[in-house]
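First the proteins, then the strands, lettered A, B, ... as listed; each starts at 1.
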Amino acid sequence: MVRTRFAPSPTGFLHIGGVRTALFNWLFARHHDGHFILRIDDTDEQRNVSETLDPILSGLRWLGLDWDEGPDVGGDYGPYFQSQRRDEHQAAVATLLAGGYAYRDYATPEELQAERQAAQAEGKRFIYSRRWMAETTEQAAGFEAEGRTAVVRLKMPREGVCRFRDLIRGEVEFEWAQEQDHVIQRADGSCLYHLASVADDAAMEISHVIRAEEHLSNTPRQIFIFEGLGHEPPEFAHLPFVAEPGSRNKLSKRKLDKYLKNPDFAKMHQHGVAIADAIGLETAAETFNPVIVDFYEKVGYLPDALVNYLLLLGWALDDRTEFFSRQEMIEYFTLERVNRSPASFDPNKLLAFQEHYMQEMPAEERLLLALPFLEAAALLPSPYVDDASRYVTEMLQAAGDRIKVAGESLDYPELFVDDGAFPYEAKAFDKRLRNAPESVALLRGFRDLLAATEPFEAVTLEEAMRRFVESEGAKIGQIIHALRVAVTGKSVGFGMFEILEILGQERSLARIDRALSLVETTPS
RNA sequence: GGCGCGUUCGUCUAGGGGUCUAGGACGCCGGCCUCUCACGCCGGUAACACGGGUUCGAAUCCCGUACGCGCUACCA
């Protein structure tokens, strides 16, 4: 049975590169009807684990990457928190020691440092002399009598090569002699990452280790540990990095400042900040950052868009297929088609997927996405609105494809506030009204026509205007822009007649009157 | 420094000796549509890192160079 795992450290956020790794693990497991396991690598005495774990769990859930074993759901191979597996790690160390795959080392840091420097001075690569290695209890007792304490090191082979087949990279070969005698247990008895990770992978019967490329060079020592534990190593697949926008550097959450110099990234961040500000969310780089998954949820991106985008970051089915349902990606995903070179994160392309999935979304679901934003921004309810859902539904319909991210529902506050409360764009007001007497005159005439138009619906309204314009011998452009500014305060927006219908007769007239009187009272 | 991995349009990629005058997508540019803005549609721009081989023939195989990244911790 295929068993894959995603093993994040509880850091308080889910990194976009981590999501891609999780996604590929999830897809591979689902494709093979196997299990996707979530293991929390909370080494050391980490505090507030639940606090730092929560964003990771909720992020994965939001994306729909469900796990078969792990926190909350349990499983037969638990516990799924590394911190609760210390005894197993200790047992693994004992096994390695007993099998001659590891030894106790009594060197002091200073002695080690001296050896290192000596090697360096000679221009040679440092390889520990094993001078303070203790393989028998007698030797150990002798060192301890000198007051020394031990760490446990791997007793790595010093000749031959470690060959393995990486499912993505093919045959890979490392000389054993290049490997250090890595420490696997500290002097205080705690275990290090490689030991814990391998011991857990072995105990959990992980069949395929799919992880980022940074671990490729670590694989020989891990294979060595697997062997020492008497466990067949799993298959390995090393994914290329998710790189910074426009570079080959690994994407990191700590470099937001740098990424903000990338115009596309900056635009995406800025856009998110505007939405967050409108609903009073914090926008500190630590928590609000396009490198962290929460960002997308908070701003109103669709999980399907993010997942589809991430799928194609390092994987492709063929030369043209771009959109995949979950079912399709599960069906078609194979490691053989994963790329070997880093893929840089492109905010624009993500947005393109977002647009696509947003367009596909049924109206009822769009409503459900928009409502929380409008509520959070206190745009709902307004005194004029007795049926908020219906009103927002009409608004969304009029918006069409203009709202690409759910948070952009907040871009049209003028439709939600009192008729006297929205501002006029100064430039637009001057151009279309204050300095356009012909337009104002037309608007006056049309206002009275509007007052008499029944029913007050987009189609009828458009007809009315066309007739009006014709009878006046004018062109539609001479009045419609003035009308838009008068009614919304803006020079751009939805179709004019849809806006009028949404607002209704009374409010439309009130707004026109407000604009007209403003022209009169404050002439240019 | 040593070892490993990588290098096709600005970006994501297709390509696994001839069908490649290198295909698709995003972006960008131009046009159409149009009450504005979006959407949509049409068209255009743009790449095999470099140098040697192998071969009748190389983006595809081999070697070297350059560049990038990773590992080389009592970090993960």
Side-chain angles (χ1 to χ4, degrees), chain A residues 7-9 11 41 43-44 82 105 107 109 112 116 120 123-127 149-153 166 168-170 172-175 177-180 182-194 196-197 212-221 238 240-241 243 245-250 264 309 311-323 337 339-353 355-356 359 399-404 408 411 428 432 462 465-466 469 475-485 488 490-497 499:
Chain A
S9 300
T11 50
D41 279 6
T43 48
D44 301 321
Q82 207 158 61
D105 177 48
L112 226 44
R116 218 182 288 270
Q120 204 169 13
K124 282 189 189 161
R125 219 174 58 78
F126 166 67
I127 285 281
T149 54
V151 298
V152 176
R153 287 181 182 278
D166 185 282
I168 292 168
R169 273 145 227 285
V172 185
E173 202 177 281
F174 291 85
E175 279 180 51
Q178 294 295 330
E179 288 284 327
Q180 299 290 344
H182 303 282
V183 174
I184 54 174
Q185 187 182 55
R186 298 185 182 90
D188 67 7
S190 61
C191 291
L192 278 92
Y193 168 76
H194 291 294
S197 176
E213 185 189 345
E214 59 188 308
H215 288 292
L216 185 61
S217 308
N218 295 330
T219 306
R221 81 191 68 153
H238 289 93
F241 287 120
S247 102
R248 294 296 205 205
N249 294 1
K250 182 183 162 188
D264 296 330
Y309 171 68
L311 171 70
L312 263 19
L313 214 51
W315 182 87
L317 174 66
D318 54 29
D319 63 340
R320 55 198 63 238
T321 315
E322 293 267 314
F323 300 108
R337 293 202 64 81
N339 252 293
R340 280 172 292 276
S341 50
S344 73
F345 180 78
D346 180 0
N348 278 328
K349 189 120 184 180
L350 205 204
L351 197 61
F353 280 99
E355 285 182 42
H356 172 86
Q359 286 176 6
D401 296 328
R402 292 173 185 82
I403 295 175
K404 295 168 176 160
E408 288 171 3
D411 288 351
R432 298 301 186 184
E462 180 159 7
M465 177 176 279
R466 299 223 178 257
V469 164
K475 286 193 176 149
I476 204 161
Q478 288 173 275
I479 178 173
I480 204 159
H481 300 298
L483 179 58
R484 167 172 278 108
V485 175
T488 68
K490 296 176 178 175
S491 56
V492 299
F494 309 159
M496 193 62 247
F497 307 103
I499 292 176

Open item on the list: So if I define the base as every atom that isn't primed, P, OP1 or OP2, how would nucleotides 5-16 of chain B read as a B/S/- string at a heavy-atom cutoff under 4.0 Å?
Closed with: BSSS--SBSSS-
- [ ] For each nucleotide in nucleotides 37-42 of chain B, reading 5' to 3', give B when a protein heavy atom comes within less than 4.0 Å of its base, S when such contact involves only the sugar-phosphate, and - otherwise.
- [x] BSSS--
Taking the side chain from [X] and the backbone from [Y], do they hold a donor-acceptor pair closer than 3.5 Å?
{"X": "A:Arg432", "Y": "A:Val485", "result": "no"}
{"X": "A:Gln180", "Y": "A:Phe126", "result": "yes"}
{"X": "A:Glu355", "Y": "A:Ala352", "result": "no"}

Give one of base, sugar-phosphate or nothing for [X], where a contact means two heavy atoms less than 4.0 Å apart.
{"X": "A:Val151", "result": "base"}
{"X": "A:Ala352", "result": "sugar-phosphate"}
{"X": "A:His194", "result": "base"}
{"X": "A:Arg466", "result": "sugar-phosphate"}
{"X": "A:Phe174", "result": "sugar-phosphate"}

For [X], what residues pass the side chain to side chain donor-acceptor pair (under 3.5 Å) criterion, not counting sequence neighbours?
{"X": "A:Glu214", "value": "A:Lys250"}
{"X": "A:Lys349", "value": "none"}
{"X": "A:Gln185", "value": "A:Gln90"}

Please give, in whole Å, the distance from [N] [atom2] to [X] [atom1]?
{"X": "A:His182", "N": "B:rC75", "atom1": "NE2", "atom2": "P", "result": "13 Å"}
{"X": "A:Asp264", "N": "B:rG27", "atom1": "CG", "atom2": "P", "result": "10 Å"}
{"X": "A:Lys250", "N": "B:rG4", "atom1": "NZ", "atom2": "C1'", "result": "16 Å"}
{"X": "A:Gln178", "N": "B:rU72", "atom1": "CD", "atom2": "P", "result": "13 Å"}
{"X": "A:Ile184", "N": "B:rA73", "atom1": "CD1", "atom2": "P", "result": "16 Å"}
{"X": "A:Tyr193", "N": "B:rU72", "atom1": "OH", "atom2": "P", "result": "11 Å"}
{"X": "A:Gln180", "N": "B:rG2", "atom1": "CD", "atom2": "P", "result": "16 Å"}
{"X": "A:Arg432", "N": "B:rC35", "atom1": "CZ", "atom2": "P", "result": "13 Å"}

Partner residues of [X] under the side chain to side chain contact (heavy atoms under 4.5 Å, CB included) criterion, sequence neighbours left out:
{"X": "A:Asn348", "answer": "A:Asp264, A:Lys267, A:Asp346"}
{"X": "A:Glu175", "answer": "A:Val161, A:Gln178"}
{"X": "A:Asp166", "answer": "A:Phe164, A:Ile168, A:Arg169, A:Val172, A:Leu216, A:Phe236, A:His238"}
{"X": "A:Ser344", "answer": "A:Ala243"}

Name the pairing partner of [N], where a pair is Watson-Crick or G-U wobble with both distances under 3.5 Å, or state none.
{"N": "B:rA59", "answer": "none"}
{"N": "B:rA66", "answer": "B:rU7"}
{"N": "B:rG1", "answer": "B:rU72"}
{"N": "B:rC29", "answer": "B:rG43"}
{"N": "B:rC35", "answer": "none"}
{"N": "B:rA14", "answer": "none"}

Using atom [atom1] of each nucleotide, how far apart are [N] and [M] to the nearest Å?
{"N": "B:rG64", "M": "B:rC74", "atom1": "C1'", "value": "41 Å"}
{"N": "B:rG23", "M": "B:rG44", "atom1": "P", "value": "11 Å"}
{"N": "B:rU45", "M": "B:rG10", "atom1": "C1'", "value": "11 Å"}
{"N": "B:rC9", "M": "B:rA46", "atom1": "P", "value": "14 Å"}
{"N": "B:rC37", "M": "B:rG51", "atom1": "P", "value": "48 Å"}
{"N": "B:rU65", "M": "B:rG1", "atom1": "P", "value": "13 Å"}
{"N": "B:rC48", "M": "B:rG2", "atom1": "P", "value": "31 Å"}
{"N": "B:rA73", "M": "B:rG17", "atom1": "P", "value": "41 Å"}

Filtered N/O pairs between nucleotides 45-48 of chain B and protein, under 3.5 Å:
none

Open item on the list: Quick check on RNA chain B: between A:Arg125 and A:Arg153, whose nearest nucleotide comes earlier from the 5' end?
Closed with: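 Nearest nucleotide further toward 5': that of A:Arg125.
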Task: Pairwise 5' ranking along RNA chain B for A:Glu214 and A:Pro109, keeping only the more 5' one - done: A:Glu214
Open item on the list: Hydrogens and angles aside, do A:Arg484 and A:Thr488 bring a side-chain donor and acceptor to less than 3.5 Å of each other?
Closed with: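 No pair is found: no donor N or O on one side chain lies under 3.5 Å from an acceptor on the other.
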Do any side-chain nitrogens or oxygens of [X] fall under 4.0 Å of OP1 or OP2 in [N]?
{"X": "A:Asn249", "N": "B:rC69", "answer": "yes"}
{"X": "A:Arg221", "N": "B:rU72", "answer": "yes"}
{"X": "A:Arg116", "N": "B:rU72", "answer": "no"}

TODO: Could you tell me whether A:Arg340 atom CZ has more than 12 heavy atoms of other residues or ligands within 6.0 Å of it?
DONE: no
TODO: Could you tell me which residues satisfy salt bridge (Lys or Arg N to Asp or Glu O under 4.0 Å) with A:Arg466, sequence neighbours excluded, listed by chain and number?
DONE: A:Glu462
Open item on the list: List the residues meeting salt bridge (Lys or Arg N to Asp or Glu O under 4.0 Å) with A:Glu408, not counting sequence neighbours, and say none if there are none.
Closed with: none
- [ ] Determine, using ring centers only, whether A:Tyr309 and A:His356 are less than 6.0 Å apart.
- [x] no
